[in-house]
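The structure under discussion appears below in the form of structure tokens.
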Amino acid sequence: MSAAETHLTAPTRFIEANGVRYAYRRFGSEEGVPLIFLPHFRAGMDHWDPLVTDGLASGRAVILFNNAGIASSSGEPADTIDTSADHVARFVRALDLRAVDVLGFSIGGYIAQSLVLRYPDLVRRLILAGTAPRNGELASDPRIPAVAANPIPTLEDFLFLFFTPSETSQIAGKAFLKRRYQRTEQDVPSSADAMEAQSAAIAAWGAVPQRGRYARLEKIRQAVLVVNGHDDIMVPTINSFILQQHIPSATLILYPDSGHGALFQFPDLFVQHVTTFLDA
């Protein structure tokens, strides 16, 4: 890894474990514990904000990762959150890392929770952005499933799902999308099979159990930073409060006039908050 590499220039690398060829990019400082990014529904390595990834890479190694069957990674896409977490653990061990910090966004936050519970020794600190606990509160807007499953999402789809209707938030969303497409060597898109598998995993994650709805959260012993927008219509913001209330060492930050993509609307502030949390 070259210290000069950035979000826009870091090459895609591959590492094999258990018959799966995982695609990843690694860049930033070699100081401290590496930070692995777990992205949202249907997303790969190019769906992050360069201001966030490069900002956090100034003080640590950043690892962008495609789970099995997602974008340029080989293998069958996982249809459960726990199986996705198993893949992350295999990937981390294949890189010969003793422990990592984890940033999980949306479905990536589901996977991060499963990872820290199934493999607690692999995770030092955890950031959960725009996400929910297992069996959390579901979105209520009937338009969301169809828009989220659009085979080729439009600008309007993305702005509806990730940002609020306010002029300020919409402008911030358009600015993020310009940054997101700055990289010339883009990853391949995720397949229809990957979307179907992730949809099944999300549905199973949201199924309400017979008892102990949030009991698993109390077993998370790591320090956790929970971040979201004031009005997340995709993963309702109340879920962030639930996470903070049930994880013993969790801190909650909500950004104003923002939704699911709050970390992209306030990238500089998000980097400041995450850096303070990870360096504490």
Side-chain angles (χ1 to χ4, degrees), residues 1 13-39 45 53 56-57 59-68 70 73 75 78 80-129 131-136 201 204-205 209 212 214-227 242-252 273-280:
M1 184 178 74
R13 296 177 168 88
F14 296 90
I15 192 166
E16 188 164 333
N18 288 62
V20 176
R21 190 169 180 252
Y22 298 106
Y24 72 101
R25 297 181 190 139
R26 181 171 178 166
F27 52 96
S29 171
E30 277 301 303
E31 299 295 325
V33 178
L35 174 62
I36 185 169
F37 283 58
L38 306 180
M45 295 180 288
T53 55
L56 290 171
R60 68 204 77 249
V62 158
I63 302 173
L64 310 184
F65 164 71
N66 287 342
N67 212 308
I70 304 298
S73 285
T80 71
I81 298 301
D82 290 343
T83 303
S84 293
D86 292 342
H87 281 294
V88 178
R90 290 172 191 145
F91 169 73
V92 170
R93 287 170 174 164
L95 290 179
D96 199 27
L97 298 173
R98 294 183 60 186
V100 292
D101 293 326
V102 179
L103 194 169
F105 175 38
S106 196
I107 188 176
Y110 305 166
I111 297 167
Q113 291 172 63
S114 177
L115 178 71
V116 76
L117 287 167
R118 293 168 73 81
Y119 305 94
D121 293 341
L122 285 184
V123 180
R124 187 189 71 113
R125 288 188 172 226
L126 183 63
I127 304 108
L128 299 174
T131 195
R134 193 186 297 262
N135 323 122
W205 179 263
Y214 301 127
R216 286 167 55 89
L217 296 176
E218 297 171 3
K219 298 178 181 179
I220 297 176
R221 296 304 171 194
Q222 286 80 351
V224 179
L225 177 64
V226 182
V227 177
I242 293 168
L243 288 167
Q244 193 278 329
Q245 289 288 288
H246 290 272
I247 297 173
S249 297
T251 298
L252 173 63
H273 287 150
V274 171
T275 299
T276 300
F277 169 72
L278 292 179
D279 291 348

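Heads up: numbering here begins at 1 and tracks the sequence.
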Would the distance check show the side chain of [X] and the main-chain N or O of [Y] forming a donor-acceptor pair, the cut-off being under 3.5 Å?
| X | Y | result |
| --- | --- | --- |
| Gln222 | Val123 | yes |
| Trp205 | Thr80 | no |
| Asp82 | Ser114 | no |
| Arg26 | Ala61 | no |

As an exercise, state the distance from [atom1] of [X] to [atom2] of [Y], rounded to the nearest 0.5 Å.
| X | Y | atom1 | atom2 | result |
| --- | --- | --- | --- | --- |
| Leu38 | Ser106 | CG | OG | 11.5 Å |
| Lys219 | Ile247 | NZ | CD1 | 14.0 Å |
| Thr83 | Ile111 | OG1 | CD1 | 10.0 Å |
| Ile107 | Ile70 | CD1 | CD1 | 7.5 Å |

Can you tell if the side chain of [X] reaches within under 4.5 Å of the side chain of [Y], non-hydrogen atoms only?
| X | Y | value |
| --- | --- | --- |
| Asp86 | Tyr119 | yes |
| Leu243 | Val224 | no |
| Phe91 | Ile36 | yes |
| Arg124 | Leu278 | yes |
| Val227 | His273 | no |
| Phe27 | Leu64 | yes |
| Thr131 | Gln113 | yes |
| Val88 | Val102 | no |

[X] versus [Y], closest heavy-atom pair with distance:
| X | Y | result |
| --- | --- | --- |
| Leu122 | Leu97 | CD2-O, 4.4 Å |
| Leu35 | Leu103 | CD1-N, 3.8 Å |
| Arg134 | Arg216 | NH2-NH2, 3.3 Å |
| Ala112 | Leu128 | CB-CD2, 4.0 Å |
| Ser73 | Ala23 | OG-N, 2.8 Å |
| Leu252 | Gln244 | CB-CG, 3.5 Å |

Subject >> CG (Asp279) with more than 12 external heavy atoms under 6.0 Å >> reply: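 Yes, the 6.0 Å shell around CG holds more than 12 heavy atoms from other groups.
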**OP:** Would you indicate whether Arg118, at its atom CZ, is surrounded by more than 12 heavy atoms from other residues, nucleotides or ligands within a distance under 6.0 Å?
**Re:** yes
**OP:** Look at the aromatic rings of Tyr214 and His246 and report parallel, tilted or perpendicular, splitting at 30° and 60°.
**Re:** tilted
**OP:** Could you give me the CA-CA distance, side-chain angles and deciding distance for Arg90 and Val20, then say whether side chain to side chain contact (heavy atoms under 4.5 Å, CB included) is met?
**Re:** CA-CA 10 Å; Arg90 290 172 191 145; Val20 176; over 6 Å; no
**OP:** List the steps, then state whether side chain to side chain contact (heavy atoms under 4.5 Å, CB included) holds for Val33 with Arg60.
**Re:** CA-CA 7 Å; Val33 178; Arg60 68 204 77 249; over 6 Å; no
**OP:** Check the pair Thr53, Phe37 against side chain to side chain contact (heavy atoms under 4.5 Å, CB included), reporting the backbone distance first and the verdict last.
**Re:** CA-CA 9 Å; Thr53 55; Phe37 283 58; 3.8 Å; yes
